[in-house]
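One-based numbering along the sequence shown. Start at 1 and go down the list; that is how both ligands and their atoms are numbered.
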Amino acid sequence: MSSIISFPFREAVADVEYKGFLIPKGWKAMPLFRNIHHNPEFFSEPQKFNPSRFEVTPKPNTFMPFGSGVHACPGNELAKLETMIMVHHLVTKFRWELVGSECRIQYGPFPLPLNGLPTKFWRESTTYN
Ligand code: HEM
């Protein structure tokens, strides 16, 4: 539920009042995808790894790893296809193993795998690092 891109930038083109707060015209706003994706009103147990949650299409504007609106990512379908092909090959043709014993998340403040999550992938006769 974490996003590769933590937030997009937006600029208020007019004064905007939101929940009693004023965002003056010209101010920059950074909607944090993480907060939206971790809202239990939209996703039950949002911290839990549960790919099956996507068997039901999320409500509009609750899951937006590719942003939203006129500047939403135009490469999103290509990115999803490439990811699917990569995962297919990794799952069907390779074995994987974490390098080292530390498998944690670092927050800086956005979550990333600690030290880039060094991992070893190999086929039966070849090793790739
Ligand atoms: C997993 C892969 C990718 C992710 C998570 C991702 C995510 C995003 C996000 C969050 C934005 C900002 C959207 C917004 O401001 O509302 C964006 C913008 C953009 N992305 Fe991607 N993207 C990915 C792959 C790609 C690919 C493969 C391409 C092109 C082949 C691409 C091209 C662009 C472009 C041109 C924009 C700027 C759109 C604009 O400002 O109008 N992205 N992307």
Side-chain angles (χ1 to χ4, degrees):
M1 301 294 282
S2 295
S3 290
I4 299 170
I5 295 177
S6 298
F7 53 84
F9 284 103
R10 291 290 187 269
E11 182 177 314
V13 293
D15 286 354
V16 179
E17 201 180 316
Y18 181 73
K19 293 193 174 177
F21 294 94
L22 174 69
I23 304 172
K25 181 181 174 184
W27 278 37
K28 307 290 183 283
M30 293 170 13
L32 293 180
F33 296 140
R34 180 180 167 74
N35 287 8
I36 301 164
H37 295 174
H38 285 81
N39 186 336
E41 281 177 32
F42 305 144
F43 300 102
S44 64
E45 299 185 271
Q47 303 286 347
K48 195 171 159 189
F49 177 69
N50 175 18
S52 300
R53 69 173 81 246
F54 294 106
E55 285 169 11
V56 178
T57 307
K59 287 184 204 151
N61 296 322
T62 59
F63 184 65
M64 38 185 132
F66 293 100
S68 183
V70 290
H71 287 288
C73 178
N76 88 87
E77 292 301 332
L78 174 64
K80 284 188 279 191
L81 183 65
E82 287 174 337
T83 306
M84 204 165 66
I85 292 169
M86 185 188 73
V87 171
H88 167 81
H89 286 286
L90 286 179
V91 168
T92 56
K93 296 183 181 152
F94 288 82
R95 306 288 296 170
W96 323 355
E97 191 176 84
L98 289 178
V99 176
S101 56
E102 278 206 306
C103 175
R104 290 191 289 131
I105 294 174
Q106 62 191 25
Y107 293 89
F110 303 112
L112 290 170
L114 185 69
N115 301 325
L117 195 69
T119 312
K120 193 161 78 175
F121 299 87
W122 71 96
R123 281 197 206 235
E124 280 173 44
S125 56
T126 324
T127 303
Y128 303 93
N129 281 313

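- The proximity of Ser68 to ligand 1, defined as any non-hydrogen pair under 4.0 Å, is limited to the backbone.
- In this structure, Asn39 contributes its side chain and Ile36 its backbone to no donor-acceptor pair below 3.5 Å.
- A donor-acceptor pair under 3.5 Å is absent between the side-chain atoms of Trp96 and the main chain of Thr119, judged by distance alone.
- Judged purely by atom type and a 3.5 angstrom limit, Asn50 uses its side chain to pair as donor or acceptor with the backbone of Ser52.
- Taking the ring centroids of Phe54 and Phe63, they lie under the 6.0 Å cut-off.
- Residue, atom and distance of the protein heavy atom nearest to atom 30 (C) of ligand 1 are Leu78 CD2, 3.7 Å.
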### Query
Do Leu22 and Asp15 pass the side-chain contact (heavy atoms from CB on, under 4.5 Å) test, and can you show the C-alpha distance, the side-chain angles, and the key distance before you say yes or no?
CA-CA 7 Å; Leu22 174 69; Asp15 286 354; 4.0 Å; yes
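- Judged by distance alone, the side chain of Arg53 and the main-chain N or O of Ser44 form a donor-acceptor pair under 3.5 Å.
- Counting only protein atoms, the N, O or S atoms lying less than 2.8 Å from atom 21 (Fe) of ligand 1 are Cys73 SG, ordered by chain and residue number.
- In the hydrophobic clustering (ILVMFWY side chains linked at under 4.5 Å, chained through shared members), Phe9 is joined by Phe7, Met30, Leu32, Phe110.
- Remark: minimum distance from atom 1 (C) of ligand 1 to any protein heavy atom is reached at Ile4 CD1, 3.8 Å.
- Considering each of Ser6, Pro31, Pro65, Pro8, the one bringing a non-hydrogen atom nearest atom 10 (C) of ligand 1 is Pro65.
- Without hydrogens or angle criteria, His88 side chain to Met84 main chain gives no donor-acceptor distance under 3.5 Å.
- Heavy atoms of Arg10 approach ligand 1 to within less than 4.0 angstrom.
- Contact annotation: the side chain of Val87 approaches that of Thr83 to within less than 4.5 Å [non-hydrogen atoms, C-beta and beyond].
- Of the protein's non-hydrogen atoms, His71 ND1, 3.0 Å is the one closest to atom 40 (O) of ligand 1.
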